[in-house]
A.B. asks: 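Let me begin by handing over the structure; questions about it come next.
If you read the sequence from its start, that first residue is 1, and numbering goes on from there.
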Amino acid sequence: MTAAGRVSISIRNKLSALNPLFLDVINESHKHNVPEGSESHFKVVIVSAAFEGQNHLARHRLVNGILQEELKNDIHALSILAKTPEQWEENSTVTKSPPCLGGSKESSDKE
């Protein structure tokens with residue numbers, strides 16, 4: 001496991017404003033055709049009471065708003081799983097991200 005980089009740390013620090021019960025910031029950049037050590041593709045799993053009464057889109061807008069600087073400058077792709085504590089208690093399953101289809105390492109290796 002590699003140490004968290006600047007962008008990962010920034011994401012974690014900013015999302016802590018939502019007082020998450022659970023927060024996982026996963027750098028998935030290594031699954032894409034980017035230089036080694038990149039921080040451009042992330043999956044965020046966040047559980048917070050701040051999401052109570054909000055639909056899926058509103059939760060994503062909230063997270064995107066908090067991370068607007070990172071999205072503008074550093075992040076190419078962001079997957080968000082945002083749940084309330086009750087939803088997390090009912091189902092804490094986090095599905096594996098699908099493989100990259102746009103310029104993945106596998107497809108670029110075949111060319």
A.B. asks: Given side chains that start at C-beta, do those of R61 and L57 come closer than 4.5 Å, heavy atoms only?
C.D. replies: yes
A.B. asks: First locate atom CD of E69, then atom OG of S10, and finally report the distance between them rounded to the nearest 0.5 Å.
C.D. replies: 8.5 Å
A.B. asks: Kindly compute the distance separating NE2 (H60) from CG (L78), expressed to the nearest 0.5 Å.
C.D. replies: 8.5 Å
A.B. asks: Just wondering, do V44 and D24 contact through their side chains at under 4.5 Å, heavy atoms?
C.D. replies: no
A.B. asks: If we only count heavy atoms from C-beta on, is the L67 to I11 side-chain gap below 4.5 Å?
C.D. replies: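 In contact.
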A.B. asks: Just verifying a value: how many Å separate L21 CG and S48 OG, rounded to the nearest 0.5 Å?
C.D. replies: 8.5 Å
A.B. asks: Can you see which heavy atom on K83 is nearest to which on T93, and at what distance?
C.D. replies: NZ-O, 4.3 Å
A.B. asks: Would you check if the side chain of T84 reaches a backbone N or O of A49 as a donor-acceptor pair within less than 3.5 Å?
C.D. replies: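 No.
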A.B. asks: Is the closest side-chain heavy-atom distance between I80 and K43 below 4.5 Å?
C.D. replies: no
A.B. asks: Any salt bridge between K14 and E70, counting N to O under 4.0 Å?
C.D. replies: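 Salt bridge: yes.
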A.B. asks: Tell me if the CD atom of E86 is crowded by more than 12 foreign heavy atoms within 6.0 Å.
C.D. replies: no
A.B. asks: Is it the case that the side chain of S16 and the backbone of N13 share a donor-acceptor pair, with hydrogens and angles ignored and the cut-off at 3.5 Å?
C.D. replies: yes
A.B. asks: Could you walk me through whether L71 and N64 pass the side-chain contact (heavy atoms from CB on, under 4.5 Å) test, one step at a time?
C.D. replies: CA-CA 8 Å; L71 288 164; N64 286 336; 3.6 Å; yes
A.B. asks: Hey, does F42 have a side-chain heavy atom less than 4.5 Å from the side chain of S8?
C.D. replies: yes
A.B. asks: Does atom CD of E52 have more than 12 heavy-atom neighbours, drawn from other residues, nucleotides or ligands, at distances under 6.0 Å?
C.D. replies: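 Check passes, neighbour count above 12.
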A.B. asks: Over all heavy atoms of both residues, which pair between A50 and L18 is shortest? Give the atoms and the distance, please.
C.D. replies: CB-CD2, 4.0 Å
A.B. asks: When rounded to the nearest 0.5 angstrom, what is the spacing between CG in L62 and CD1 in I46?
C.D. replies: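 Taking CG in L62 and CD1 in I46, the distance rounds to 8.0 Å.
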A.B. asks: Is there side-chain contact between F51 and V63, with heavy atoms separated by less than 4.5 Å?
C.D. replies: yes
A.B. asks: Take atom CD in Q87; do more than 12 heavy atoms of anything else shown fall under 6.0 Å from it?
C.D. replies: yes
A.B. asks: Could you tell me whether the side chain of F22 reaches within less than 4.5 Å of the side chain of V45, counting heavy atoms only?
C.D. replies: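 Yes, their side chains come closer than 4.5 Å.
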